[in-house]
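All chains are named by letter (A, B, ...) in the order of the sequence lines, taking the proteins before the strands, and each is independently numbered beginning at 1. Here the structure is a predicted model, which is why all the values come from computation and not from measurement.
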Amino acid sequence: MSEQETATATGYDALSAEQKWYPRWESAGLFAPHDDPEAPLYTITIPPPNITGSLHMGHALCYSIQDLLGRYHRMRGHRVLILPGQDHAGIATQSLVGKNLKKQGIDPVAIGRDAFIEKVWEWRHESGNTILEQFRALGCAFDWSRLRFTLDEGYTAAVHKVFIDWFERGLIYRGMRVVNWDPILKTSVSDIETERKDIQGKLYHIRYPFADGGGEVIIATTRPETMLADVAVAVHPSDKRYEGLVGKELQLPLTDRLVPLISDEYPDPEFGTGAVKITPAHDPNDFEVGTRHNLPLLRMLDETGKVTELGGIYAGLDRSEARKRVVADLEEQGFLVKIEDHTIPILISQRSGEIVEPLASEQWFVNQRTLAVRAIQVVESGEIEFFPPRFKDVYLDWMNNIRDWCISRQLWWGHRIPIYYTEDGTPFAATSWEEAQSKAGEAKIVRQEDDVLDTWFSSGLWPFATLGWPESTEDLKTFYPTNVLVTARDIIYLWVARMIMMGLDLVDEIPFKHVYIYATVLTKDGKRMSKSLGTGIDPMDVISTKGADVLRYTLLAQTGTNQDLRYSEERTTDARNFCNKVWNASRFVAMNLDGYMPGSLDQLEDFDRWILHRLAECEKTVSQAYESYEMQDALGALYRFFWSELCDWYIEVSKSRLQNPETRAIPQRVLVKCLHDFLRMLHPALPFVSEEVYEMLPIPGKQPFLMAETWPSDLTAWWDPAIDAKIENWLEATRGLRALRAEFGLAAMKSIPKVYFEGALHGGEKVVASQAWVQELVPGKPDGQKFVSTTVAGIDFHLPLEGVVDTEKELTRLDREIAKASEELGKLNQRLQSPAFVERAKPEVVERERAAAQALEDKIAKLRERMALFAG
RNA sequence: GCGCGAUUAGCUCAGCGGUAGAGCACUUCGUUCACACCGAAGGGGUCACAGGUUCAAAUCCUGUAUCGCGCACCA
């Protein structure tokens with residue numbers, strides 16, 4: 001499709017409007033919190049995007065929501081702080097800069113740690129702010145004066161303090177554990193940096209003979225090469241097949257090692273032969289078995305994925321080559337029993353694309369068990385609330401089964417672990433070499449720990465370290481705890497849980513009251529957007545061609561407590577049309593304000609009261625929706641109010657009043673009020689178009705910016721269900737009459753002279769006549785003319801037709817109507833004739849059904865009468 | 001294997017105990033002085049399936065199926 005985006009003279013030009021407002025808001029100082037100490041507070045510390053990041057659809061949604069919440073609460077008069085910042089993103093940044101250097105022919109390893117880190121800072125200053133600029137384009141009203149970075153000075157001090165504190169409390173320890181090892185990046189990686197995948201692999205069955213020559217045990221493995229580091233074979237204590245054999249020694253093939261047959265709960269007797277080779281250094285389960293049985297820890301792979309000295313003749317081979325050779329040799333020497341096809345689950349490292357190797361290595365850990373206790377409590381008690389609530393269980397489930405957290409990474413970019421070692425390897429935690437030395441006393445400090453901390457360790461401090469913790473700053477005292485954390489569901493464990501634990505432990509208060517988990521943005525086919533498949537849509541393309549409001553509307557109008565939403569091109573058209581409608585209708589109002597005088601809203605007509613009632617209804621829905629993270633309900637209500645109520649009816653009905661200087665004052669005031677309030681309610685979602693329209697209207701008490709306006713507060717006074725019912729009746733009558741016209745080919749808006757009616761319109765004659773394009777609506781029945789009729793909302797309309805009425809056509813129409821009404825009546829009567837219904841249903845329901853049945857009977861009778869007339 | 005979500009008009013979704021709704025798409029009509037990025041009218045659904053509760057079920061309960069998402073296991 002050729003998207004000819006040429007704006008017509010009457011079309012809203014989003015792009016130029018959007019460029020205009022952001023700098024104006026910013027220079028007016030609207031992004032920082034005001035300093036009224038009496039005002040309620042509203043704080044969000046935004047999830048810090050990676051410095052390597054650029055805006056994707058998930059971000060666009062996440063930060064639009066936060067901007068919406070900020071703008072909404074700002075209009076509510078709250079003291080709003082939306083604090084932005086960035087994460088240093090250890091692995092992502094290090095591998096990106098490393099790659100860049102290699103492209104320039106520089107070997108990152110060769111230049112050394114300090115020079116490399118300098119290069120990273122250079123990159124960070126030149127290119128690390130992309131996403132912050134994109135937030136501005138999206139319209140995010142964040143307080144840039146408080147921008148934080150997880151590696152800035154104060155933040156680093158906070159990280160050190162936590163580490164030292166926890167180390168000295170014994171919560172942090174160093175130990176040998178099996179971790180996810182990326183052999184390309186040569187570092188441990190967290191679960192979130194890996195992807196689970198099932199691949200078609202093999203299951204190798206290998207014979208391990210007993211050392212005494214008496215028989216054998218057959219084990220099965222998917223990674224045969226790891227046998228080089230086997231230290232035992234385990235069987236389940238209840239497994240009868242191995243009774244009496246436990247304790248005997250097995251000759252480990254291809255080596256000269258003997259390993260014991262041990263008994264442990266871990267093997268599943270149902271699987272394979274029930275015997276499992278135990279390789280503690282290369283499998284987390286085996287590691288635990290090894291610990292239980294005090295088995296040695298042998299490593300047959302080094303940190304680059306090559307076979308170690310332990311592997312003897314295989315030493316130096318790559319892990320995949322080693323597998324081939326081991327299998328070949330096993331086969332040749334008669335140890336290989338069989339090879340089966342087997343689906344095996346593997347972990348792929350996101351950064352390198354390499355298969356993650358479970359590998360034992362020295363790492364630093366946090367024991368989270370004691371930290372978890374309060375973190376569980378505050379969620380169970382509801383002090384912290386999840387939206388949607390179902391994520392509470394997800395969180396609690398993980399917290400209740402919490403494990404130790406591996407916080408060390410073998411990288412250069414990040415917070416270097418503040419541990420210093422003496423000659424004999426004793427670690428001291430300190431903020432500096434000097435401090436460590438003084439803690440060590442006599443012993444001499446000889447080196448600092450090389451590893452850096454997991455990025456989540458520092459981002460876990462985000463809600464308070466950004467506010468100045470550990471210093472007792474004004475910001476910390478004022479803005480902590482924050483109100484809400486808006487984030488994606490895949491980091492509930494890695495980040496949300498950590499912030500809660502850290503906040504409670506370090507600041508002694510919850511970090512936020514609400515956790516809102518937003519929906520995943522999918523493609524129009526409901527698939528995950530994928531960079532490699534090219535199915536991702538760049539939100540910046542949408543912003544630069546259609547505008548940020550369009551992007552925001554498309555996303556926000558589909559999000560609430562759902563878990564996915566589908567992004568599609570078609571929907572951006574809806575958004576554009578809506579912006580255009582808002583702009584055009586407002587322009588129409590602006591053009592019809594000749595002689596406009598602000599003033600009180602008295603001497604209102606029914607229609608004025610009706611639209612004000614609908615406005616009040618709209619406000620109620622919108623504020624409730626904004627408060628409960630149901631953005632789609634808010635946008636739906638705004639759309640309906642504006643398009644289907646204000647434009648389709650109120651403006652149309654008011655046109656004649658607006659043309660007359662005698663009658664125009666009131667509709668002018670009502671229109672200005674409706675637009676004023678509507679724009680205020682729309683602003684949090686679509687800040688640009690609302691601001692642009694606000695500018696062109698002569699609003700009483702107008703502020704320099706819509707953004708600085710307050711939320712409409714006087715609307716409950718206009719609540720009027722009686723008027724609503726009355727007007728709804730007129731509208732229904734109008735629609736019925738229009739339909740009748742259309743049925744007989746009388747084009748819409750083409751005026752016809754006279755229509756008769758029977759029944760009560762309660763003063764709606766003029767409105768119905770004008771909106772159904774009838775010059776005169778007269779009571780009674782036409783005399784001596786051919787006419788057609790309809791009954792709607794309890795009123796009969798008779799439409800005289802000049803010339804010859806198509807008798808056939810009219811009879812068919814009446815017949816169809818009778819059939820329809822009869823069918824409905826049948827259903828109602830069936831219900832009403834059932835004694836159970838009449839006795840047990842609520843009286844008002846029975847009454848309503850009775851009335852409906854009566855109305856249908858009347859209608860059918862009239863239709864029959866007309867048929868008789870026509871037939872005769 | 002366990003858990004969570006989804007299943008309603010061609011598409012995207014709302015409704016969550018009282019006669020099936022919206023937007024888009026579709027059909028017909030309309031160059032009307034805010035808007036054709038518009039207006040009017042209209043067609044289109046056994047609410048995944050099977051049981052149950054109830055006077056009444058898209059809506060509550062129990063299963064089943066399909067899709068998606070987690071968690072655990074996988075030698």
Is any N or O donor-acceptor pair between the side chain of A:K581 and the base of B:rC37 shorter than 3.5 Å? no
Roughly how many Å apart are B:rC37 and B:rG15, using the P atom of each and rounding to a whole number? 32 Å
Rounded P spacing from B:rA20 to B:rU27 in Å: 28 Å
C1' atoms of B:rG5 and B:rU32, separation to the nearest Å: 49 Å
Indicate, yes or no, whether a donor-acceptor pair under 3.5 Å links the base of B:rU12 to the side chain of A:R571. yes
Length of the CG-P vector between A:L522 and B:rC11, whole Å: 17 Å
Determine the interatomic distance between C1' on B:rA56 and the same-named atom on B:rU19; round to the nearest Å. 11 Å
Distance check: side-chain N/O of A:W643 vs OP1/OP2 of B:rG39, anything under 4.0 Å? yes
Hey, is the side chain of A:K750 pairing donor to acceptor with the base of B:rA40 inside 3.5 Å? no
When rounded to the nearest 0.5 angstrom, what is the spacing between OH in A:Y204 and CD1 in A:I339? 5.5 Å
Whole Å only: how far is the NZ atom of A:K842 from the P atom of B:rU19? 11 Å
From the list A:L635, A:V542, A:L565, side chain to side chain contact (heavy atoms under 4.5 Å, CB included) partner of A:L555 resolves to A:L565
Looking only at atom C1', what distance separates B:rG10 and B:rG44, rounded to whole Å? 9 Å
Geometric cation-pi criterion, A:K655 with A:F588: 6.0 Å, 45°: yes
By the Watson-Crick or G-U definition, both distances under 3.5 Å, B:rU31 is matched with none
Using the P atoms only, state how far B:rG23 lies from B:rU59, rounded to an integer number of Å. 25 Å
Integer-rounded Å distance: B:rG39 P and A:N584 CG: 11 Å
Taking atom P in both B:rA9 and B:rA14, compute the distance separating them and give it to the nearest angstrom. 12 Å
For B:rU46, give the paired nucleotide (Watson-Crick: N1-N3 plus N6-O4 or O6-N4; G-U: N1-O2 and O6-N3; both under 3.5 Å), or none. none
Counting only side-chain nitrogens and oxygens, does A:R738 get under 4.0 Å of the OP1 or OP2 atom of B:rA41? yes
Write down the distance separating the P atoms in B:rA48 and B:rU8, rounded off to the nearest Å. 6 Å
Check this for me: does the side-chain of A:E652 come within 3.5 Å of the base of B:rA34 through a donor and an acceptor? yes
Below 4.5 Å, heavy atoms only, C-beta onward: do A:D549 and A:E18 meet side chain to side chain? yes
Using a heavy-atom cut-off of under 4.0 Å over every strand shown, decide if A:D633 touches base, sugar-phosphate, or nothing. nothing
Could you say whether A:Q632 or A:D397 is positioned toward the 5' end of RNA chain B, judged by the nucleotide with the nearest heavy atom to each? A:Q632
